[in-house]
There are 2 protein chains.
Amino acid sequence: MGKPGQVAVVGAEGRQRRQRLAPAERMPLILAAAIEEFAERGYAGAGMAAVASRAGVAKGLLYHYFPGGKADLFMAAVRGCVAPKLDEAARLIAGFQGPRREMLRRLITTGYARMAENPREQVLCKLIIAEADRFPELADFYSREVLARATEIVRAALRAGIETGEFRADAVDQPGLVHVVLAPAIMGSVWRMMLGEDRAPDLGAMREAHIDMVLRALAPAAQNMKNN
Amino acid sequence: MGKPGQVAVVGAEGRQRRQRLAPAERMPLILAAAIEEFAERGYAGAGMAAVASRAGVAKGLLYHYFPGGKADLFMAAVRGCVAPKLDEAARLIAGFQGPRREMLRRLITTGYARMAENPREQVLCKLIIAEADRFPELADFYSREVLARATEIVRAALRAGIETGEFRADAVDQPGLVHVVLAPAIMGSVWRMMLGEDRAPDLGAMREAHIDMVLRALAPAAQNMKNN
DNA sequence: TCCCTTACTGGCCGTTCGGTCAATAAGGGA
DNA sequence: TCCCTTATTGACCGAACGGCCAGTAAGGGA
C-alpha cells in the first residue's frame with residue numbers, strides 16, 4: 001500500500017519534528033481544541049479533522065485517545081467544563097459567614113457572573129441542551145452531575161436561611177422551588193448564547209430582579225398573604 | 001442523459017399515479033413532515049430525503065417549495081409552530097375578567113400546560129435554542145416574534161395588576177422582572193425535553209412554586225422588607 | 001547502545017447527504 | 001380538444017466526513 005505518514009517537516013526548515021508528548025500533556029491540548037471546535041460548530045457541525053488540526057495533531061491520534069470516536073470526545077470535553085463552576089458555588093455556600101440573605105444574594109450573583117465571563121465554555125452548556133436527547137450518556141451526566149448538584153446547592157442555601165429564621169419555614173414544603181430559583185440564571189445564560197450580548201435580555205437587570213424576587217418570596221410572612 | 005423520473009406506479013396495482021396538488025395543499029404536508037423530522041433528528045441530523053419521504057414526495061420537490069434549501073425549510077417549520085401558543089396567551093390576557101392575581105395564575109398555568117401537552121412541537125423550541133447562533137435569521141425571528149411577544153404579554157399582566165393595586169407599584173421599575181418571571185416556565189420545558197418526563201424536574205411542582213413565588217414577590221409591601 | 005513499546009502520522013475507503021437538472025404528466029384555460 | 005404552465009419526479013454529482021490502518025519515529029529502560 002502507498003507508504004503513509006511522514007512528510008512532517010514542512011516549510012523553511014525542520015520547523016518541528018514529530019512531537020511526542022506524554023498522554024497527560026497531550027490530552028488537555030486535544031480537549032481544549034475539542035471545546036473550541038464543538039463550541040463554534042455544534043456537535044454535528046464539528047469535524048474530527050478540524051479538532052485534530054486545532055490541536056496540531058493528526059486525525060488518527062484522536063482515535064488513539066478516544067476510542068469511542070466523536071461521541072467519546074464530546075462527552076469528555078463537556079465533562080471538564082462544567083464541574084469547576086459547581087465546585088466554586090459549593091465552596092461559597094460551605095464557607096459562608098454572615099446573614100443567609102447575603103449568602104443567597106452572593107450565590108446568585110456569582111452564578112450570573114460566571115455565565116457572563118466565559119462565552120466559549122458557556123456555549124457548551126447550550127450544547128448539552130441541544131444534544132442531550134441524542135446522547136443518553138450525556139443526559140445521564142447532566143442529570144446527575146449538573147442539575148442534581150446545582151439543585152442541591154440551592155437547597156442547602158435555602159435550608160440554611162430557614163434554620164436562622166431569615167427565610168419562611170414552609171419553603172421546604174415546595175419541592176419545585178429550587179428549580180424555579182435556578183431557572184432564570186440558566187435561561188439568562190441561554191438567551192445570551194442564542195441572541196448575543198446586544199439583543200439578549202440584560203443580565204444585570206435580570207440578576208437584580210431575580211435576587212429581589214427570591215428574597216421577597218422567601219421573607220417570613222409577618223402578615224399572612226392570602227395564599228390562594 | 002439517462003431518462004430520469006417516472007417509475008411511479010409501484011406494487012400490486014397502480015396504487016397512485018403522480019399526485020398533483022395545489023401548493024396551498026401540498027405546503028402543509030411538507031411542513032408537517034419537516035416538523036416531525038427536525039424534531040426527531042435535530043437540524044443537522046435531519047435529512048432532506050427523509051423529509052421528502054415522510055411527506056410522500058420526491059426530494060426535488062422540496063427545492064421547488066423552498067428554494068433556500070434546508071435552512072429555508074427549517075425556518076418555515078419553526079415559524080408555524082410557535083405563533084399559535086403566543087396568540088392564545090395574548091387572548092387570555094386581553095379578555096380576562098376578575099382579579100389580576102388570578103389572571104397571572106392562569107397565564108402561568110396555561111404556559112406550563114401547553115408545554116406539557118405536545119412534546120413534538122416543544123422539541124422545536126429546544127431546536128431554536130440549539131441552532132439560533134448558526135442562523136442569524138432564526139435568532140432574529142426568535143428575538144422579535146417569540147421572546148419580545150412573550151415578554152410583552154407578561155408585562156401587560158403585571159401592569160394590569162399594578163393598576164388595580166393588587167401588585168406592588170414599584171415592580172415596573174425592575175426591567176429584568178419579566179424575564180425572570182418567564183424563565184422558569186421555559187426552562188422547565190427545556191429540562192423536560194432534555195431529560196424525559198421521568199428524570200426532569202416535576203412540572204406540576206415547579207408550576208405551583210412558580211406561581212406562589214411570583215405572587216408573593218408581587219404582593220404590595222404592607223410592611224417594608226429591608227430591600228438591601 | 002540497542003530495542004521495544006507506544007505516541008503519532010496521513011492517505012484511503014465507504015457512506016451519507018445536500019443540491020441540481022432534464023424529463024414528465026396533470027389539469028385548467030382558450 | 002389541444003396546449004401551456006408548472007407541480008413533480010428520481011437519477012446523478014461532488015463534497016465532506018467519520019473511521020481505519022499500515023507504517024514510522026521518539027525515547028526510556030536494560
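Fair warning: this is a prediction, and the values are worked out from it, not measured in the lab.
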A/His64 side chain near C/dA7 phosphate (N/O to OP1/OP2, under 4.0 Å): yes

Sugar-phosphate only, base, or nothing, as touched by B/Ala55 at under 4.0 Å among non-hydrogen atoms: nothing

A/Val57, nearest nucleotide to its side chain (from C/dG18, D/dG19, C/dT9): C/dT9

Value in whole Å for how far the P atom of D/dC12 lies from CE of B/Met48: 21 Å

NZ/NE/NH1/NH2 to OD/OE distance under 4.0 Å, B/Arg155 and B/Glu152: yes

d(CG, A/Leu61; P, D/dC21) in whole Å: 17 Å

Distance in angstrom units between A/Tyr43 OH and D/dC17 P, rounded: 14 Å

Touch class at under 4.0 angstrom, heavy-atom based, for B/Ala44 against every strand present: nothing

Mutual orientation of the aromatic rings belonging to B/His210 and B/Tyr112 [parallel < 30°, tilted 30-60°, perpendicular > 60°]: perpendicular

Sugar-phosphate only, base, or nothing, as touched by B/Gly69 at under 4.0 Å among non-hydrogen atoms: sugar-phosphate

Aromatic ring proximity, centroids under 6.0 angstrom, B/Phe135 and B/Phe141: no

Nearest-Å distance for atom pair CG/P, residues B/Asp72 and C/dG18: 15 Å

Sugar-phosphate, base or nothing in reach of A/Gly60, heavy atoms under 4.0 Å: base

Which nucleotide in C/dT20, D/dT9, D/dT8 has an atom nearest any side-chain atom of B/Tyr63: C/dT20

Polar pair under 3.5 Å, donor/acceptor by atom type, side chain B/Arg26, base D/dT8: no

Length of the line joining A/Leu21:CG and D/dG28:C1', which is rounded to integer Å: 15 Å

Whole-Å distance separating the CZ atom of B/Arg41 from the C1' atom of C/dC17: 13 Å

Over 12 non-hydrogen atoms of neighbours within 6.0 angstrom of CD in B/Glu197: no

Side-chain donor/acceptor of B/Arg18 to base of D/dT8, under 3.5 Å: yes

Closest to the B/Lys59 side chain, choosing from D/dC20, C/dG18, C/dT9: C/dG18

Base partner of D/dA30, which must satisfy Watson-Crick or wobble distances under 3.5 Å: C/dT1

CZ (B/Arg106) with more than 12 external heavy atoms under 6.0 Å: no

Rounded distance (Å) that lies between atom C1' of C/dT20 and atom CG of B/Leu62: 13 Å

Value in whole Å for how far the P atom of D/dA7 lies from CD1 of B/Ile30: 11 Å

Pair of N/O donor and acceptor under 3.5 Å linking C/dC8 base with A/Arg20 side chain: no

